[in-house]
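To find a chain, count down the sequence lines: A is the first, B the second, and so on, and within it residues start at 1.
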Amino acid sequence: MAEEKLPTRNENYSEWYNQLILRAELADYAPVRGCMVVRPYGWSLWENIQQTLDRRFKETGHTNAAFPLFIPMSFLEKEKEHVEGFSPELAVVTIGGGEKLEEPLVVRPTSETIIGTMYAKWIKSYRDLPVLINQWGNVVRWEMRTRLFLRTLEFYWQEGHTAHATAEEAEEETRRMLGVYTDFAVNEAAVPVIPGRKSNTEKFAGAARSYTIEAMMGDTRALQAGTSHNLGQNFAKAFEIRFLDQANELQYCWTTSWGLSTRFIGAIIMTHGDDQGLLLPPRLAPIQAVIVPICRNDAERALVMPVVEKVRQQLAAFRIKVDDRTEVTPGFKFNDWELRGVPLRIEIGPKDVEKGSVVLARRDIPGKEGKRFASQDQLAAQVGALLDEIQANMLERARAFRDAHIFEPKDYADLKDIVQNGWALAWWCGSAECEAHIKDETRATTRCIPLDQPGGSGRCIYCGEPASEKVYFARAY
RNA sequence: CGGGGUGUAGCGCAGUUGGUAGCGCACCGCGUUUGGGACGCGGUGGUCGGCGGUUCGAGUCCGCCCACCCCGACCA
């Protein structure tokens, strides 16, 4: 294959990230600037993310639907903050079928406006509420600087859009979905995110309140990994989403929207990857275990392959790949599958055939340490237990890394220092001025006001005024 | 949008004062190999990013354009 070694994370973190994606065949650069091709291995990972999220959406009462890719320009202009937030990054279609269009069409950057328009049409009565719809799709935002998965012109995501009769219900929904994202991140992806509220400057354009799950990457930078917005009545008023309540009075709805994108794949890569390559959480990995047969010649092959097949059948409940390539050596395959992040490797050679064993090699523990013999009997149970253990270990390790890089600054000088290589959890007065100063001086932004607050009060880390909440400051992607 | 860089085989690159387009990897064939990134031999593969100019002759010199990557400001 190409160059053998990946750059290490210490040498060049972003180069490590890019090359890892290309070499593991998660994605490739498309012929269009800023766009990516999600390759089958990467898409398969996304499908697993979709499945597990979609199940959670259904369990919380949502259904899927599909809205158009094109949105009339005038729709976006109806909500002031929204259009201000998004207009710099819109792709606009002005010609269709060779004719100049009467009204330009925006390629959706997000679908609040078109979905809001439809909700206005559909919702008449309190009996129609709540409306709980999710959409899986792609959106386009014309970003200046792009990076595979983290920020591409086109990306894939889901966007949930709901409408409610009361402010309380909308807030409850917003928080519920934040909880769904948190649960997904922690329990499926082993990414120990911190759920919290966005500051006013960081919130979604047009939202009353935005919530986020923030993840710490391997270089300690923060990544917004999913968001849930309480839109208040902003969009309902802009799009006339109204209903008659039980007292026969016309009321505006309270709406929410929430989304999680292919960016999350970037979060997985940068949370778990090491200098050997990718490490995928067993619950999401397209391949949970790879079987590598080891045989020197045809005679050994004839001996080993039937056992490989038998083992494969025993493990039918798992996502298994048999690497039966003959043109590369086992050593090559070991490195190859480690690069691709397969959590468990099963080696089967002549010695194993003789002893009725296999070798189980954990991806999360490199080298001999992670290797051990296992009996071919009860292999499914052993593999299941081991995958669970790997999943748990990955979460624990990521959490330990995160916690080791979170500090509570004593003063502003301390904060400046901390955000060079970690997150600072500090009292903040809530003013945009302090936030802006800190950003200018340190490049760190407020990531979130964690739901989990220490209580009490303190003094703003910047201005010293009274503060009632703590916030995370960090440099972010 | 500002700064930097690069365009030559699928990928990474070399190509001297202008003179028949080259190397490594990958790929194909044969043979030996195979429990931590094998090796030998033989092959396939090119509008040198584009357009124009100078010249007997341009990958190389000149001009214009395009694309992509990296670093900043902005963003999921």
Side-chain angles (χ1 to χ4, degrees), chain A residues 1-6 12 14-15 17-19 22-23 28-35 84-90 109-110 138-159 181 198 201-205 210 212-215 222-229 257-267 276-277 292-298 300-301 304 323 325-339 345-354 357-359 361 366-368 370-371 373 439-440 443 445 447 475-477:
Chain A
M1 303 277 136
E3 325 86 281
E4 292 186 349
K5 286 264 189 248
L6 212 53
N12 187 342
S14 73
E15 200 46 33
Y17 176 81
N18 289 334
Q19 287 201 26
L22 296 175
R23 289 215 232 156
D28 201 352
Y29 292 103
V32 182
R33 178 197 82 86
C35 292
E84 279 174 9
F86 281 103
S87 60
E89 49 188 60
L90 295 179
T110 178
N138 54 344
V139 288
V140 169
R141 298 180 188 177
W142 215 265
E143 302 287 353
M144 289 303 158
R145 268 196 61 217
T146 58
R147 296 198 64 192
L148 292 171
F149 289 116
L150 298 180
R151 189 171 298 105
T152 46
L153 296 199
E154 180 189 21
F155 60 90
Y156 301 87
W157 73 345
Q158 58 68 218
E159 45 179 329
Y181 288 153
K198 279 290 184 192
T201 47
E202 295 283 331
K203 79 175 164 55
F204 177 75
S210 284
T212 174
I213 50 172
E214 293 288 321
L223 185 77
Q224 180 173 312
T227 46
S228 185
H229 313 291
S257 69
W258 27 275
L260 185 144
S261 76
T262 37
R263 173 182 248 204
F264 202 92
I265 291 175
Q276 204 53 234
V292 178
I294 290 151
C295 26
R296 267 175 265 269
N297 48 48
D298 286 348
E300 285 185 359
R301 210 174 166 69
V304 167
D323 188 353
R325 287 178 292 179
T326 53
E327 68 273 21
V328 289
T329 61
F332 179 90
K333 292 177 184 178
F334 296 168
N335 285 285
D336 197 30
W337 292 111
E338 283 168 12
L339 172 72
R345 184 177 66 239
I346 303 171
E347 305 169 17
I348 304 175
K351 284 185 240 167
D352 300 297
V353 173
E354 203 177 306
S357 63
V358 300
V359 171
K368 270 215 152 82
K371 275 173 106 155
F373 283 100
K439 184 178 177 181
D440 284 349
R443 287 168 59 201
T445 52
R447 299 321 304 160
R475 302 210 289 163
Y477 276 98

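- In this entry the distance linking CG of N335(A) with P of G35(B) reads 12 Å, nearest Å.
- Contact detail for Q158(A) and L260(A): the closest heavy-atom pair is OE1-N, 2.8 Å.
- Pairing for A14(B) is absent, with no Watson-Crick or G-U wobble pair whose two atom distances lie under 3.5 Å.
- In this structure, the CG atom of L90(A) is 19 Å from the P atom of C74(B), given to the nearest Å.
- Residues R475(A) and G367(A) both approach RNA chain B. Their nearest nucleotides, taken by heavy-atom distance, put G367(A) toward the 5′ side.
- The base of G36(B) sits within donor-acceptor range of the side chain of K371(A), with an N or O pair under 3.5 Å.
- With a cut-off of 3.5 Å on both Watson-Crick or G-U wobble distances, the partner of C51(B) is given as G63(B).
- Note that the CD atom of E214(A) and the OG1 atom of T227(A) stand 9.5 Å from one another [nearest 0.5 Å].
- Summarising the geometry, the separation between CZ on R345(A) and P on G35(B) is reported as 12 Å, rounded to the nearest angstrom.
- Under a 3.5 Å cut-off, the side chain of Y17(A) and the backbone N or O of N12(A) do not form any donor-acceptor pair.
- Considering every non-hydrogen atom in both Q224(A) and T212(A), the closest pair reads CG-OG1, 3.3 Å.
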Does R345(A) form a side-chain contact (heavy atoms from CB on, under 4.5 Å) with V359(A)? I'd like the steps, not just the answer.
CA-CA 8 Å; R345(A) 184 177 66 239; V359(A) 171; over 6 Å; no

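- In this structure, P350(A) reaches the bases: a heavy-atom distance under 4.0 Å links it to at least one base atom across the strands shown.
- Taking atom P on both nucleotides, C41(B) is separated from G46(B) by 25 Å, rounded to a whole Å.
- Rounded to whole Å, atom P of C71(B) lies 11 Å from atom CG of L150(A).
- Base-pair partner of A38(B): U32(B) (Watson-Crick or G-U wobble, both distances under 3.5 Å).
- Residue V292(A) is out of contact with every strand shown, counting any heavy-atom pair closer than 4.0 Å.
- Heavy-atom minimum distance, W157(A) versus T110(A): CH2-OG1, 3.6 Å.
- Evaluated for a side-chain contact (heavy atoms from CB on, under 4.5 Å) with I346(A), the options V358(A), V292(A), D352(A) yield exactly one hit, V358(A).
- Between C68(B) and T146(A), no contact under 4.0 Å exists linking OP1 or OP2 to a side-chain N or O.
- Taking atom C1' in both C69(B) and C30(B), the straight-line distance is 41 Å, to the nearest Å.
- At a cut-off of 3.5 angstrom, the base of G72(B) holds no donor-acceptor pair with the side chain of R443(A).
- Computed from coordinates, the E15(A) CD to G12(B) C1' distance equals 12 Å when rounded to whole Å.
- Of the P atoms belonging to C56(B) and G50(B), the separation is 24 Å, rounded to the nearest Å.
- Using a 4.0 Å heavy-atom distance criterion, S210(A) is classed as making no nucleic acid contact.
- Where K439(A) and P366(A) meet RNA chain B, the nucleotide closest to each residue was compared, and P366(A) sits on the side nearer the 5' end.
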Candidate pair N18(A) and Y29(A), rule side-chain contact (heavy atoms from CB on, under 4.5 Å), full reasoning:
CA-CA 10 Å; N18(A) 289 334; Y29(A) 292 103; 3.9 Å; yes

CA sep, side-chain torsions, deciding dist, call: Q276(A), N335(A), side-chain contact (heavy atoms from CB on, under 4.5 Å):
CA-CA 8 Å; Q276(A) 204 53 234; N335(A) 285 285; 3.4 Å; yes

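- With both ends at atom P, the span from A14(B) to C66(B) equals 26 Å, rounded to whole Å.
- As judged by a 4.0 angstrom heavy-atom cut-off over every strand, E338(A) is placed among the base-contacting residues.
- Across all strands, S14(A) comes closer than 4.0 Å only to sugar-phosphate atoms, never to a base (heavy-atom distances).
- The gap from the C1' atom of A58(B) to that of U17(B) amounts to 14 Å, rounded to the nearest Å.
- Shown here, U20(B) forms no base pair; nothing in the strands shown gives a Watson-Crick or G-U wobble contact with both key distances under 3.5 Å.
- G18(B) and C48(B) have their C1' atoms separated by 15 Å, given to the nearest Å.
- Distances shorter than 4.0 Å separate none of the side-chain N or O atoms of K333(A) from OP1 or OP2 on A38(B).
- What separates CD of Q276(A) from C1' of G36(B) is a distance of 9 Å, to the nearest Å.
- F264(A) comes within 4.0 angstrom of no nucleic acid atom, judged by non-hydrogen atoms across all strands.
- In this structure, F204(A) places its CZ atom 19 Å from P of C74(B), rounding to the nearest Å.
- For D298(A), the CG atom counts as loosely surrounded, since its 6.0 Å shell holds 12 or fewer non-hydrogen atoms of other residues, nucleotides or ligands.
- Contact annotation: side chain of D352(A) to base of G35(B), donor-acceptor pair present below 3.5 Å.
- Between G7(B) and G12(B), the distance separating the two C1' atoms is 13 Å to the nearest Å.
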Review item, nucleotides 29-34 of chain B N/O atoms under 3.5 Å of protein N/O:
| from | atom 1 | to | atom 2 | distance (Å) |
| --- | --- | --- | --- | --- |
| U34(B) | O4 | R296(A) | O | 2.9 |

Polar atom pairs (N or O), protein with nucleotides 7-9 of chain B, under 3.5 Å:
none

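- Regarding R23(A), its CZ atom lies at a distance of 16 Å from the C1' atom of G10(B), rounded to whole Å.
- Residue T227(A) is out of contact with every strand shown, counting any heavy-atom pair closer than 4.0 Å.
- Screening H229(A), K198(A), E202(A) for a side-chain hydrogen bond (donor to acceptor under 3.5 Å, both in side chains) involving S210(A) leaves a single residue, H229(A).
- Taking atom C1' in both A26(B) and U44(B), the straight-line distance is 12 Å, to the nearest Å.
- In this structure K371(A) satisfies the salt bridge (charged side-chain N to carboxylate O under 4.0 Å, His left out) test together with E347(A), sequence neighbours excluded.
- For F204(A) and F86(A), the gap between ring centers is short of 6.0 Å.
- Of the nucleotides present, G5(B) is the one that pairs with C68(B) by Watson-Crick or G-U wobble criteria, both distances under 3.5 Å.
- E347(A) comes within 4.0 angstrom of a base, heavy atoms only.
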